[in-house]
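Below is one structure; the comments refer to it alone.
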Amino acid sequence: MKILTKLNAQQRNAVEYNAGPHIVVAGAGSGKTRVLTYKIAYLIQEGLEPESILALTFTNKAAREMKERIRELIGKKADSLWMGTFHSIFARILRIEATAINYNSNFSIYDREDSVSLVSNILQYLSINLENVTANSIQHKISNFKNHMITPEEYSNNIASTIAEKKIGEVYIEYNKRLRENNSMDFDDLLLKPIELFNNNVRILQKYKKMFKYILVDEYQDTNNAQYEIVKILSPVKDKLCVVGDDAQSIYGWRGANIRNMLDFEKDFSKAKIFRLEQNYRSTKNILLAADSIIKKNTEQIAKTLWTENPEGEEITLVKCSDEKDEAFQIAKKIKKEISTKKLSLNDIAILYRTNAQSRALEDAFRREKIPYKIVGGVEFYRRKEVKDVLAYLRVLSNQDDEESLLRIMNFPQRGIGNTSITKMIAFSRKLNLSLFKTMARVFEVIEVKERIQKNVKQFRILLDKYIDLQSKLSIGELTSALVDELGILRMYKEENSQDSASRYDNIHELLASIQEFNKEFPEATLEQYLAEVSLVAGIDQYDESKNSITLMTVHSAKGLEFPVVFITGCEEDIFPLNPRFDSDSKIEEERRLFYVAITRAMKKVFISFARSRYRFGEVAYQNKSRFIDELNPNSVEEVIDGSNRKSGRRRKGDFDEYYQESYDDYDQEKRSFRVGSRVSHDIFGNGKVLAITGNGDTQRITISFEDTGTKQLLVKFANLKLL
DNA sequence: CCGTGAATCCTTTTT
DNA sequence: GGATTCACGG
Ligand SMILES: Nc1ncnc2c1ncn2[C@@H]1O[C@H](COP(=O)(O)OP(=O)(O)OP(=O)(O)O)[C@@H](O)[C@H]1O
């Protein structure tokens with residue numbers, strides 16, 4: 001079998017196994033994805049129909065690439081595989097079966113922003129105004145409930161205890177009700193509704209169980225309870241199920257991912273077989289040594305062996321910086337040096353960070369130093385305001401019940417329908433139990449709305465009707481161009497003539513081009529299909545490898561990727577690991593896994609940078625080097641050459657605190673008494689060590705790690721601290 | 001009633 | 001630093 005020759009013995013065993021449920025548990029770079037890819041090719045070659053294979057990946061990009069690899073191995077048959085993310089595959093199935101769960105097949109998919117705006121409208125509608133509770137935080141909570149499969153009723157009746165929680169329960173109930181009324185689903189529904197669908201419709205379940213003769217799941221360590229449930233319900237008659245994952249790379253716990261799915265696989269699927277892969281093909285010995293020294297510090301994990309035939313390789317270089325600008329500049333310098341001395345291409349280099357906000361300083365430096373870069377994630381194209389505005393039009397044309405989208409465009413571009421009028425129309429529509437869209441046609445009955453504005457509404461409704469009608473006559477590309485043209489959106493941005501509006505102008509052009517392109521690829525595609533596609537694109541899906549440039553992204557986005565050279569930036573307490581102050585063990589362990597993921601993206605060389613101070617939330621914060629740096633095996637790390645003029649010149653890593661301390665006074669003459677590293681005492685919390693000081697004057701805050709009570713942030717003004 | 005500039009809040013990671 | 005809310009002038 002030709003396919004199997006590209007695999008080592010352990011990989012081959014996993015690929016050939018066919019007797020029941022099995023799981024491949026293995027460390028980074030050991031070829032888990034490769035096993036899955038080859039297994040699918042192998043199955044097809046052995047005569048299984050590609051239509052009967054369901055393969056679930058974490059990102060659309062991963063699916064696309066896997067499909068491409070399979071096509072290289074076995075040809076066009078790969079095209080009829082069911083391959084995609086959980087979200088996109090089940091959105092597809094939900095559209096087919098929508099009526100069974102009382103939805104229409106043209107339902108809209110709400111992203112986080114849409115959901116927040118819906119929550120915000122509900123808060124107003126129910127006149128709920130809670131201290132310290134924002135629409136944002138409630139949306140967050142609701143998503144969390146859904147990820148843990150807690151229904152609104154369950155939450156309200158059994159979990160909510162405080163008054164605030166009861167109120168949140170009310171919002172949750174109303175939120176789900178509105179989604180249904182809007183013929184819309186949020187991201188989480190795309191995983192919950194299939195469960196509802198299959199549990200309540202045996203015939204539909206049987207249909208899909210019969211259809212999917214083999215199910216394969218990549219990145220199984222990051223599946224949540226709902227995804228587990230889906231796999232469990234659908235798992236084929238003879239348990240032809242293969243999942244692969246690495247518990248040490250589980251980094252989406254905050255989103256409901258449950259490592260237990262992985263740890264309990266043997267219990268959950270009877271006669272499950274475990275396969276292990278132990279040879280790493282990606283990284284140097286040094287990088288594996290460093291990665292291992294990190295992950296060893298976690299208590300909860302499946303023990304794994306990982307070895308490589310690759311050379312020892314270079315040690316990790318620590319880059320000590322004074323602030324985020326210095327960091328960016330030093331990295332730019334290192335990049336140029338790497339490229340010139342090792343004849344690397346820009347594409348070989350990735351810059352990773354913990355939070356998107358960190359990209360700013362890096363971008364500035366790369367622009368100045370003329371290093372071409374591409375950036376993954378951040379504010380994604382399809383989430384930009386101007387793009388979402390146009391998409392909202394398309395969503396209304398496709399689904400008139402989508403009230404959130406309708407509200408978004410009601411007065412965009414400005415047509416003199418203000419908030420007051422909209423509120424009146426909404427009140428009218430609630431009273432008569434009509435959709436807002438239907439109310440628009442009867443706006444003359446809404447007597448509270450001024451006559452002049454009634455006319456505006458009516459005219460707007462006529463415009464929408466016209467395009468709803470045109471849908472069947474024009475291609476989606478033509479339709480959108482005509483609409484954008486009639487709305488005068490491009491003209492509007494052109495006339496505004498600011499830098500901001502110029503980029504909006506470009507983005508609308510780009511959107512139109514992307515629609516045309518989609519149209520060319522799928523000439524028969526409907527508006528719904530286009531919208532479904534764009535609602536589910538992630539930042540990483542738009543990653544364009546053909547452009548010759550370095551890549552900037554979060555560590556989360558880098559999952560599953562590999563680069564010859566990796567820079568891990570901002571390795572400071574409070575950034576990476578982020579927010580250790582509210583910490584539980586499980587959270588710090590997830591941060592540590594994230595750091596492990598970061599290191600293991602590298603094939604040949606890792607740089608780790610950290611800064612003494614950093615501009616954050618509008619003020620300068622003094623930073624401490626990340627605990628993860630100290631956890632690295634010293635043998636895997638190069639001695640630090642200190643840039644400053646010191647007598648000793650050469651210094652070992654680990655003396656950063658001292659270095660820090662000396663220069664600290666330069667920054668803050670007044671507040672000498674407390675400095676990072678100082679030991680202090682507090683009347684209630686006891687003794688502790690200062691981790692960070694931010695801000696000035698009355699708002700100056702101090703972060704202290706107390707011996708007994710953990711890390712706390714206090715206002716210096718009130719803390720009444722004594723220096724020890 | 002609408003649009004604009006100032007004030008205020010919040011501030012992870014993402015399918 | 002960015003988004004959203006608030007107050008005021010048109
Ligand atoms: N048998 C093999 N022979 C040669 N190269 C291999 C082999 N197996 C895997 N590789 C290579 O090793 C690298 C890592 O493989 P892959 O991405 O499948 O690992 P993974 O276990 O999924 O990694 P991660 O856990 O980081 O996602 C890839 O470049 C792949 O081509």
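Every chain is numbered from 1, with letters handed out A, B, ... down the list of sequences.
Summarising the geometry, the separation between CG on A:Asp364 and P on C:dG1 is reported as 9 Å, rounded to the nearest angstrom. When rounded to the nearest whole Å, the span between CD1 of A:Ile251 and P of B:dT15 equals 11 Å. Rounded to a whole Å, the CD1 atom of A:Ile138 is 18 Å from the P atom of B:dC9. Put simply, CD on A:Glu113 is 15 Å from P on B:dT15, counting in whole angstrom units.
Comparing B:dT13 with C:dT4, their P atoms sit 16 Å apart, to the nearest whole Å.
Taking only side-chain nitrogens and oxygens, A:Thr355 never comes nearer than 4.0 Å to OP1 or OP2 of B:dT11. Not one side-chain nitrogen or oxygen of A:Thr59 sits closer than 4.0 Å to the OP1 or OP2 atom of B:dT15. Residue A:Asn147 places no side-chain N or O under 4.0 Å from the OP1 or OP2 atom of B:dT14. Proximity of A:Asn356 to the phosphate of B:dT13: a side-chain N or O atom is located under 4.0 Å from OP1 or OP2.
Here the nucleotide nearest the side chain of A:Arg360, chosen from B:dT15, B:dT14, C:dG1, is C:dG1. When distances are taken from the side chain of A:Lys450 to each of B:dC1, B:dT12, B:dT14, the shortest belongs to B:dC1. Ranking B:dT14, B:dT4, B:dT12 by closeness to the A:Arg255 side chain, first place goes to B:dT14. Of the candidates B:dG3, B:dC10, B:dT14, B:dC10 carries the atom nearest the A:Thr134 side chain, counting heavy atoms from C-beta on.
As judged by a 4.0 angstrom heavy-atom cut-off over every strand, A:Asn411 is placed among residues touching the sugar-phosphate backbone only. Nucleic acid contact for A:Arg354: base, since at least one base atom lies under 4.0 Å from a heavy atom of the residue. Looking at heavy-atom distances under 4.0 Å, A:Ile109 makes no contact with the nucleic acid at all.
Stacking of A:Arg592 on the aromatic ring of A:Phe628 is not recorded, the 6.0 Å distance cut-off and the 45° axial limit not both being met.
A salt bridge is defined here as a Lys NZ or Arg NE, NH1 or NH2 lying under 4.0 Å from an Asp or Glu carboxylate O, and A:Glu219 with A:Lys559 meets this definition. Electrostatic pairing of A:Glu528 and A:Arg95 does not count as a salt bridge here, judged by no charged N lying under 4.0 Å from a carboxylate O. Taking the charged nitrogens against the carboxylate oxygens, A:Lys385 and A:Asp389 do have a contact shorter than 4.0 Å, which makes a salt bridge.
Taking the ring centroids of A:Phe576 and A:Phe610, they lie at or beyond the 6.0 Å cut-off.
Remark: ring of A:Phe58 does not overlap the six-membered base ring of B:dT15 in a stacked fashion, as centroids less than 5.5 Å apart with planes less than 30° apart are not both met.
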